[in-house]
Structures are given as structure tokens and as C-alpha cells.
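Structure first, then comments.
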Amino acid sequence: MRISTVLSLAGLVTAAPVPEAEAPKFGIAPAGQGFFGAGQIRTLWNQGDHSNLGCLTNTGLWTTNESQCGTFVSKELTTGYSVKTFQLFTSAGPCSIYGAKFYCDKNATPFLFGLWPWPNSIPGVDSLRAGQYGLMATFGSNPPLKEEGPQEIHFVTYKETGKYVWLTWAPLRGGPILTPVPIE
């Protein structure tokens, strides 16, 4: 076993051991608990078994390389809307939509995201939406091949080939107070 990360939870420093040979398993947040605090954005196939097809990086690119998954912080907004709305942030900056492209960058203006209502997405899971759009893909392989590296993700045009995905939330333990601490 190796120590992969040291995390500070409310001022307490703890070590998070991860077995070498075993890939991390992420629990997708059930409906009503998604996009709150700190988490990863996971890409779930919109059909069949709703397979977990990777995650988004800190810059908002789709990857199947688990070591490149970003950490997102969701800031819930009180806007008076009947639907939950929130903004997303990473170490690269706020997340936004440009045209149909999802991205996170220090120069981005935070976008007001919401949740896609079921029955149009995955039963029992909160899925990200922006206005009337939510289903995503790339113009490359869907999902991206590891050897291709992370790919830009955008709302589907239905011209893409492969699997389309919904963006879902896998909470990181510790919620919004979870912060990385350098390992010395």
C-alpha cells in the first residue's frame, strides 16, 4: 500500500492509503445529493447499464485516465429558482460553457448550472445541465482512448460517434472543507 494523498479535514491531517493494484471506486451521488461540496465529475453512459466512462480533468476535459481526474467544488446559489442552481470551480479556475464546450479556466466567468430532471437522464442520479442541454460527447473517440489523452467535451450535436454521456457527481469525503496538503 502507498500513501497517495494527504488531506486536511477541518484542520486534521490524515493519510489516504490507496492499494497499488486496485483502481479507486467512486460512488455516484444519488438524486438530491449531487453537486454539493467537493467531488469529481464522472461521465456516465446515457444508455444500457449507464457505465462509468471516466471523469473530467481540472480544465474540464474528458479523460479515462483516473490519475487525471480533477477535483471540483460546487457552490450552491440561492436564486429563488425552484430548481437547484450552482457554480463549479477547480484549481484551474471557474467552470463555464463557451458555445457548447464545457471548460474551466482562470479567465472564465462562472456559469450557472442546474440539474437535469429525470426521466430524461439517468434514473436516481443528479446530472448536470446548462439551460436546455446536458448530454455530452467529444469529436474524437467516445469515450476518449487513454493514448489520445483528455478530450474537449461539448453538448452533443448527434454527429459524434460512440457513447454519449451525462455529467454526474462523485462526492469526495470531507465536503467543501477538503483541501490537499503537500506531502513532504
Side-chain angles (χ1 to χ4, degrees), residues 4-5 7 16 18 23-29 34-75 85-116 121-122 125-172 176 178-180:
S4 64
T5 311
L7 304 172
V18 176
K25 292 177 177 62
F26 297 97
I28 304 301
F35 297 95
F36 173 77
Q40 287 185 347
I41 295 182
R42 307 300 300 184
T43 52
L44 299 188
W45 186 28
N46 74 316
Q47 295 181 20
D49 64 358
H50 304 296
S51 299
N52 185 343
L53 300 176
C55 61
L56 298 189
T57 68
N58 283 334
T59 57
L61 300 176
W62 184 7
T63 184
T64 54
N65 183 341
E66 293 294 329
S67 68
Q68 295 179 332
C69 294
T71 298
F72 293 77
V73 174
S74 175
K75 176 183 174 187
T85 57
F86 54 93
Q87 294 173 326
L88 294 168
F89 300 86
T90 72
S91 61
C95 301
S96 194
I97 301 291
Y98 181 76
K101 177 181 96 170
F102 182 96
Y103 74 106
C104 306
D105 181 85
K106 66 180 180 178
N107 296 316
T109 300
F111 192 87
L112 184 63
F113 295 100
L115 299 176
W116 196 267
S121 60
I122 299 172
V125 174
D126 289 334
S127 298
L128 182 137
R129 74 168 174 83
Q132 63 185 10
Y133 303 101
L135 197 56
M136 304 283 240
T138 73
F139 285 122
S141 299
N142 288 296
L145 302 173
K146 280 188 181 180
E147 55 270 14
E148 292 177 326
Q151 300 290 307
E152 186 177 283
I153 194 165
H154 59 266
F155 297 117
V156 297
T157 64
Y158 298 99
K159 294 178 183 177
E160 303 87 354
T161 58
K163 297 180 177 182
Y164 300 162
V165 294
W166 292 102
L167 301 184
T168 62
W169 191 254
L172 296 175
L178 182 72
T179 55

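Partner Tyr133 forms a ring pair (Phe, Tyr, Trp, His ring centres under 6.0 Å) with one of Tyr164, Phe155, Trp166 and no other, that one being Phe155. For the side chain to side chain contact (heavy atoms under 4.5 Å, CB included) with Val165, the qualifying choice from Thr138, Leu53, Val156 is Leu53, the only one to do so. Of the options Thr168, Ile122, Val125, a side chain to side chain contact (heavy atoms under 4.5 Å, CB included) to His50 is made by Ile122 and by none of the others.
For the pair Pro144 and Thr63, the minimum side-chain heavy-atom distance is 4.5 Å or more. Looking only at side-chain heavy atoms (C-beta outward), Phe36 and Pro171 stay at 4.5 Å or farther from each other. For the pair Glu152/Leu61, a side-chain contact is recorded, criterion being any heavy-atom separation below 4.5 Å from C-beta on. Residues Leu167 and Met136 are in side-chain contact: their nearest non-hydrogen atoms beyond the backbone lie under 4.5 Å apart.
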(request) Take Leu88 and Phe111 through the test side chain to side chain contact (heavy atoms under 4.5 Å, CB included) and record every step on the way to the result. (result) CA-CA 8 Å; Leu88 294 168; Phe111 192 87; over 6 Å; no
(request) Assess whether side chain to side chain contact (heavy atoms under 4.5 Å, CB included) is satisfied between Cys95 and Thr90, documenting all intermediate values. (result) CA-CA 7 Å; Cys95 301; Thr90 72; 4.0 Å; yes
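How far CG of Asn142 is from OG1 of Thr43: 10.0 Å, rounded to the nearest 0.5 Å. Interatomic distance, Lys101 NZ to Ile153 CD1, rounded to the nearest 0.5 Å: 12.5 Å. The OG atom of Ser91 lies 9.0 Å from the CZ atom of Phe72; values are rounded to the nearest 0.5 Å.
For the pair Asp105 (side chain) and Thr59 (backbone), a donor-acceptor distance under 3.5 Å is absent. Of the possible donor and acceptor atoms, one in the side chain of Gln151 sits under 3.5 Å from a partner among the backbone N and O of Gly149. A donor-acceptor contact shorter than 3.5 Å is absent between the side chain of Arg42 and the backbone of Cys55. Remark: the backbone N or O of Gln68 is not paired with any side-chain donor or acceptor of Thr57 at under 3.5 angstrom.
Nearest heavy atom pair, residue Asn52 against residue Leu44, reads CA-CD2, 3.5 Å. The two residues Ala137 and Trp62 make their nearest non-hydrogen contact at CA-CZ3, 4.3 Å. When every heavy atom of Gly70 is checked against every heavy atom of Gln40, the shortest pair comes out as O-CG, 3.3 Å. Across every non-hydrogen atom of Ser127 and Phe35, the tightest pair is C-CE1, 4.2 Å. Pairing each heavy atom of Ala108 with each of Pro94, the nearest pair is O-CG, 3.3 Å. In plain terms, the two heavy atoms of Gly39 and Trp169 that are nearest each other are N-CZ2, 3.2 Å.
When the salt bridge (charged side-chain N to carboxylate O under 4.0 Å, His left out) test is applied to Glu160, no partner is found at least two apart in sequence or on another chain.
For residues 89-108, the set of pairs meeting the ring pair (Phe, Tyr, Trp, His ring centres under 6.0 Å) definition, not counting sequence neighbours, comprises Phe102-Phe113.
Annotation: Lys75, atom NZ; neighbour count of heavy atoms from other residues, nucleotides and ligands within 6.0 Å does not exceed 12.
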